[in-house]
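Chain naming here is simple, since letters A, B, ... match the order of the sequence lines and numbering starts at 1 in each. The figures here come from the full heavy-atom set of this structure, side chains too, leaving out hydrogens, waters and symmetry mates.
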There are 2 protein chains.
Amino acid sequence: MTGFAEAKRAVDEALDKAKLCVVVGECRVRYEGRAASKLSEGDRLLIIKPDGTFLVHQGSKMAAINYQGPGAAITTAASEGGLTVTAQRLKPLKETIEVEFSRVDFAGSFEMRDDKKLKLFGSERELSGLLMQDLNVLEKGLRPLKKESAMPKGAVDILAEDALGHLVAIEVKRRDAGLAAVTQLNRYVHELRKRKGGVVRGILCSPSITANAHKMLEQEGLEYVKLDYEIGNPCAKIRGLEKKQRDLHEY
Amino acid sequence: MTGFAEAKRAVDEALDKAKLCVVVGECRVRYEGRAASKLSEGDRLLIIKPDGTFLVHQGSKMAAINYQGPGAAITTAASEGGLTVTAQRLKPLKETIEVEFSRVDFAGSFEMRDDKKLKLFGSERELSGLLMQDLNVLEKGLRPLKKESAMPKGAVDILAEDALGHLVAIEVKRRDAGLAAVTQLNRYVHELRKRKGGVVRGILCSPSITANAHKMLEQEGLEYVKLDYEIGNPCAKIRGLEKKQRDLHEY
DNA sequence: GCCTAGGTCCCGTAA
DNA sequence: TTACGGGGCCTAGGC
């Protein structure tokens with residue numbers, strides 16, 4: 001248990017010195033902005049980061065139950081009955097979160113020295129790059145033309161040319177492809193046909209595809225190639241590329 | 001500053017008693033699972049929730065830099081040189097996060113009593129429901145048939161019938177519509193035409209639409225209606241519905 | 001600033 | 001369970 005005045009000091013100190021602020025206690029939360037929300041009393045974890053990021057967590061689930069991104073202006077107000085912390089942001093839209101603590105179990109502030117960035121392996125971009133280095137495993141005679149080729153809007157992951165000189169749009173997905181992946185590829189293919197004319201093929205390349213997505217893919221005359229990859233460190237590896245054009249039941 | 005043994009006790013107590021655990025200190029993080037990542041030494045905030053949720057936060061940005069959802073099994077190991085906390089999950093895929101603290105500034109555990117759920121206003125579902133009650137503001141003679149009508153996969157927000165008895169698929173978006181919204185609506189419209197036959201119209205309803213999306217919409221013979229709504233408490237209100245079929249420059 | 005798409009997306013819901 | 005789409009999505013990258 002911590003007094004509200006003391007808790008307020010901890011929060012203010014964090015705001016002042018650009019420290020991380022952590023508060024645990026019972027509170028109510030009100031939000032208004034892009035949407036609006038109310039959350040009745042319960043025990044929560046409040047995090048305020050030096051950049052203005054504001055997070056309210058409940059005791060389960062990954063996602064913060066209320067939040068505000070970098071740039072929020074935070075104010076505090078303590079009374080004998082409680083501590084209120086408010087986050088307000090004006091850009092891109094006026095948004096306000098108000099957290100009213102009726103009990104504070106802990107309030108602390110911490111310096112956060114950290115200039116390190118995450119090194120991530122196995123992103124779609126990385127897989128796409130790997131695939132581009134060896135397109136003939138995908139199909140004999142396939143030659144890369146361009147990576148991340150910009151479209152009227154959006155970008156094809158890989159633009160290639162097959163043995164017959166036909167343009168091939170390749171969309172790579174790092175995980176199971178659904179309907180959205182097919183429509184996305186289809187959009188690129190149609191755009192390319194309109195712009196360049198002639199035959200344009202579309203290949204979707206992912207670890208797996210849903211039955212509905214595969215059906216749509218076939219109806220649209222697009223192709224599917226199963227992508228087997230291995231997450232490694234320091235980099236991902238494409239295990240084997242095997243053209244699949246057989247029946248649905250395989251997927 | 002906190003000793004590693006003491007910090008380990010705090011974490012173990014949290015795990016034991018199903019409490020929330022908060023640790024602040026300098027650490028390195030390693031992740032392997034759906035992808036892989038490395039993060040060198042820096043000051044971070046570690047959160048472990050009673051349900052196994054595991055979050056590592058840096059001092060900026062909203063998103064956790066490393067994380068694991070509910071269901072992770074957590075283990076701790078302290079040595080004279082540091083404290084290591086590991087989270088491992090087997091479903092839906094084997095994933096491991098390892099956090100190695102080389103300094104602990106704080107480690108605490110907290111009970112989290114909370115049976116409250118967020119009440120949210122202004123969701124797409126709510127707007128869709130409001131719109132359904134008054135479809136004639138959208139277009140005279142438009143009558144609702146079904147809400148959240150299931151498709152072969154996916155669901156149309158609103159299925160309606162116009163004055164001529166033609167089927168109308170309505171997709172509602174609570175924010176700016178992009179290309180994806182148009183392709184989504186288009187998919188429903190095509191599916192309905194194939195299943196029911198006859199004329200099927202498609203109307204996209206959102207606060208605004210990007211230029212490219214509007215172009216595609218017109219090319220596909222779909223329609224757009226600007227949706228003006230107001231976030232209220234305890235509920236949202238649709239301010240005015242005005243059919244827009246004029247030129248692109250309006251948007 | 002807008003727009004587009006990725007994300008270890010997360011999450012709820014319905015079949 | 002899978003699959004699909006919403007999300008106050010967030011975030012990065014291009015223009």
> Is there a donor-acceptor pair closer than 3.5 Å between any side-chain N or O of Glu171(A) and the backbone N or O of Gln184(A)?
Replying inline: no
> Asp176(A) has an atom CG; how far is it from atom P of dA3(D), in whole Å?
Replying inline: 7 Å
> Is Glu95(B) salt-bridged to Arg89(B), cutoff N-O under 4.0 Å?
Replying inline: yes
>> Taking the side chain as everything from C-beta on, heavy atoms only, tell me whether Thr183(A) gets closer than 4.5 Å to Met216(A).
In response: yes
>> Does the structure show a Watson-Crick or G-U wobble partner for dT4(C), both distances under 3.5 Å? Name it, or say none.
In response: dA12(D)
> NA contact type, Gly154(A), heavy-atom cut-off 4.0 Å: base, sugar-phosphate, or nothing?
Replying inline: sugar-phosphate
>> Suppose you measure atom C1' in dG7(C) against the same atom in dC11(C); what distance do you get, rounded to whole Å?
In response: 14 Å
> Distance between the P atoms of dG8(D) and dC4(D), in whole angstroms?
Replying inline: 22 Å
>> Heavy atoms within less than 4.0 Å of DNA chain C: which residues of residues 48-57 of chain A have one? Give them sorted by number.
In response: none
>> We want to know whether Glu100(A) and Thr84(A) form a side-chain donor-acceptor pair, criterion being a heavy-atom distance below 3.5 angstrom.
In response: no
>> Tell me the interatomic distance from Leu204(A), atom CG, to dA5(C), atom C1', rounded to whole angstroms.
In response: 15 Å
> Could Glu230(A) and Lys237(A) be called an ion pair, given the rule that one side-chain N must be under 4.0 Å from one carboxylate O?
Replying inline: no
> Do Thr53(B) and Asp51(B) meet the criterion of a side-chain donor-acceptor pair at a distance under 3.5 Å?
Replying inline: yes
> Could Glu124(A) and Arg174(A) be called an ion pair, given the rule that one side-chain N must be under 4.0 Å from one carboxylate O?
Replying inline: no
> Taking CD1 from Ile209(A) and C1' from dA3(D), how many angstroms apart are they, rounded to a whole number?
Replying inline: 13 Å
>> Distance check needed: dA3(D) C1' versus Lys215(A) NZ, whole Å only.
In response: 13 Å
> Does one side chain, of Glu218(A) or Tyr224(A), offer a donor that lies under 3.5 Å from an acceptor on the other?
Replying inline: no
> Does dA3(D) have OP1 or OP2 sitting under 4.0 Å from an N or O in the side chain of Asn212(A)?
Replying inline: no
> Base, backbone or nothing for each nucleotide of nucleotides 6-15 of chain D, written B, S, -, heavy atoms under 4.0 angstrom, 5' to 3'?
Replying inline: SSBBSSS---
> Just wondering, do Leu55(B) and His57(A) contact through their side chains at under 4.5 Å, heavy atoms?
Replying inline: yes
> With a non-hydrogen cut-off below 4.0 angstrom, is Leu179(A) in contact with a base, only sugar-phosphate, or nothing?
Replying inline: sugar-phosphate
